[in-house]
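Have a look at the structure below, then the notes.
What you see is a predicted model, and the numbers here were worked out from it, not measured in a lab. Quick note: numbers below take in every heavy atom, side chains included, and nothing from hydrogens, waters or symmetry partners.
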Amino acid sequence: MKSPRLTIVVPCFNEELVLKETAETLMRLIDRLVEEGKIAEDSCILLVNDGSCDDTWSLIRQLHEKDGRVKGLNLSINTGQQNALMAGLLQAGGRSDVIISIDADLQDDVNSIGEMLDAYHEGADIVYGIRRSRKKDSFFKRTTAQLFYRCMSLLGAKTIYNHADFRLMSRAAVRQLEEYPERNLFLRGIIPQLGCNAAYVYYDRLVRNGGTTKYSLQKMFNFAVEGITSFSIRPLRLIASLGFLFLFCSLVAIGYTLYAWFGGETVAGWASLMISVWFLGSLILIAIGITGEYIGKIYLEVKQRPRYHVTEYLD
């Protein structure tokens, strides 16, 4: 059986401090996998520059000139990690049998790639890399990550627990992914919907080689909102349910008010009135905000603007 051609897609944003070591590590891995007969000799890595502000693209050029198996894709502006990853997957999907995506910091264990390829040879079209635990994370990051996955599950969005974007996809799976045209990308939710044969590989997350994480608290929050509003309308249904609940509470309050009025009781009412006004006012604003998120997504989708612009491709 002919060995499959592999492309390892690596989204890069301001990764000049780690990129050289990352490329060398991945090329050594490819050499080893070729020797083991798991992949074809013309396998490569594809570094996707997501509009970096540092010398990331210049470094990608140097790596390409040194070794032609290092390919480069340059996006005109920073479009976000999900769009950069999508650009790499679609670029690689046309000429590779199997595509693996991994972050540039190599905190995901590259030694797990061999196990992923074994699962692919056994018939899996998608292999998810899943962290065994989050013991190395800070308390805040571990707690917020667990809260994110629980919220996603509660709100009806199907995701893989403790799986980020370290995964293997066959060419057939990438072709199915091409059929999803939305601009608001949340690949962790889209890919499980493809319905392909899936397998799982578990690994321990490593320490970052250098540089700093590109996911600030604000970006993590925006990513969570993106995931929830892209794959679930349950928040809108919760708003409607709350509306009926407070309608019932209002009817009870009206009944009590009439009872007190007919009984001749004096009710001061100031405190309860102020509490009700502030509480219901905040709920209304939250409801408007959630509804606005969905309307904003509709606004962006109907424009059908391109997700990204490629300025240069190093083949």
State, yes or no, whether a side-chain contact exists between [X] and [Y] at a heavy-atom distance under 4.5 Å.
X	Y	answer
Leu89	Leu177	yes
Val98	Met169	no
Met86	Leu187	yes
Thr7	Ile45	no
Leu73	Leu46	yes
Ile100	Leu6	yes
Ile8	Val10	yes
His121	Pro4	yes

Spacing of [atom1] belonging to [X] relative to [atom2] belonging to [Y], to within rounding of 0.5 Å:
X	Y	atom1	atom2	answer
Ile191	Phe186	CD1	CZ	10.5 Å
Arg175	Leu194	CZ	CG	14.0 Å
His309	Ser76	NE2	OG	6.0 Å
Ser96	Arg171	OG	CZ	7.0 Å
Leu314	His64	CG	NE2	5.0 Å
Leu117	Glu36	CG	CD	9.5 Å

Show your reasoning for whether side-chain contact (heavy atoms from CB on, under 4.5 Å) applies to Ile190 and Glu182.
CA-CA 10 Å; Ile190 294 176; Glu182 57 252 48; 3.4 Å; yes
Applying salt bridge (charged side-chain N to carboxylate O under 4.0 Å, His left out) to Asp31 and Arg69, what does each step give before you reach the verdict?
CA-CA 11 Å; Asp31 290 336; Arg69 293 176 299 170; 2.8 Å; yes
Have a look at Asp108 and tell me which of Arg131, Arg205, Arg167 forms a side chain to side chain donor-acceptor pair (under 3.5 Å) with it.
Arg205
Main-chain N/O of [Y] paired with [X] side-chain donor or acceptor, under 3.5 Å:
X	Y	answer
Lys38	Glu35	no
Ser43	Ile39	no
Asp97	Arg5	yes

For Glu312 and Arg61, run side-chain contact (heavy atoms from CB on, under 4.5 Å): C-alpha distance rounded to whole Å, both residues' side-chain angles, the deciding distance at 0.1 Å, then the answer.
CA-CA 11 Å; Glu312 192 173 356; Arg61 280 177 171 276; 2.6 Å; yes
Which heavy atom of [X] sits nearest to which heavy atom of [Y], and what is that distance?
X	Y	result
Tyr180	Arg307	O-NH2, 2.7 Å
Thr56	Cys12	CG2-CB, 4.0 Å
Cys53	Asn14	N-OD1, 2.6 Å
Leu90	Tyr308	CD1-OH, 3.8 Å
Gln81	Asp50	N-OD2, 3.9 Å
Thr22	Ala104	OG1-O, 2.6 Å

Does the distance from a Lys or Arg side-chain N to an Asp or Glu carboxylate O, for Asp315 and Arg95, drop under 4.0 Å?
yes
Under the criterion side-chain contact (heavy atoms from CB on, under 4.5 Å), I'd like the reasoning laid out for Leu29 against Arg32: C-alpha separation, chi angles, the key distance, then a yes or no.
CA-CA 5 Å; Leu29 173 70; Arg32 177 166 60 83; 3.0 Å; yes
Glu41 atom CD: more than 12 heavy-atom contacts under 6.0 Å
no
Given the side-chain rings of Tyr128 and Phe166, with only the six-membered ring counted for Trp, is the space between their centroids under 6.0 Å?
no
List for me each residue that meets side chain to side chain donor-acceptor pair (under 3.5 Å) alongside Asn74, sequence neighbours excluded, and say none if there are none.
Asn49, Thr311
Go through the steps for Val174 and Ile99 under the test side-chain contact (heavy atoms from CB on, under 4.5 Å), then give the verdict.
CA-CA 8 Å; Val174 172; Ile99 302 96; 3.7 Å; yes
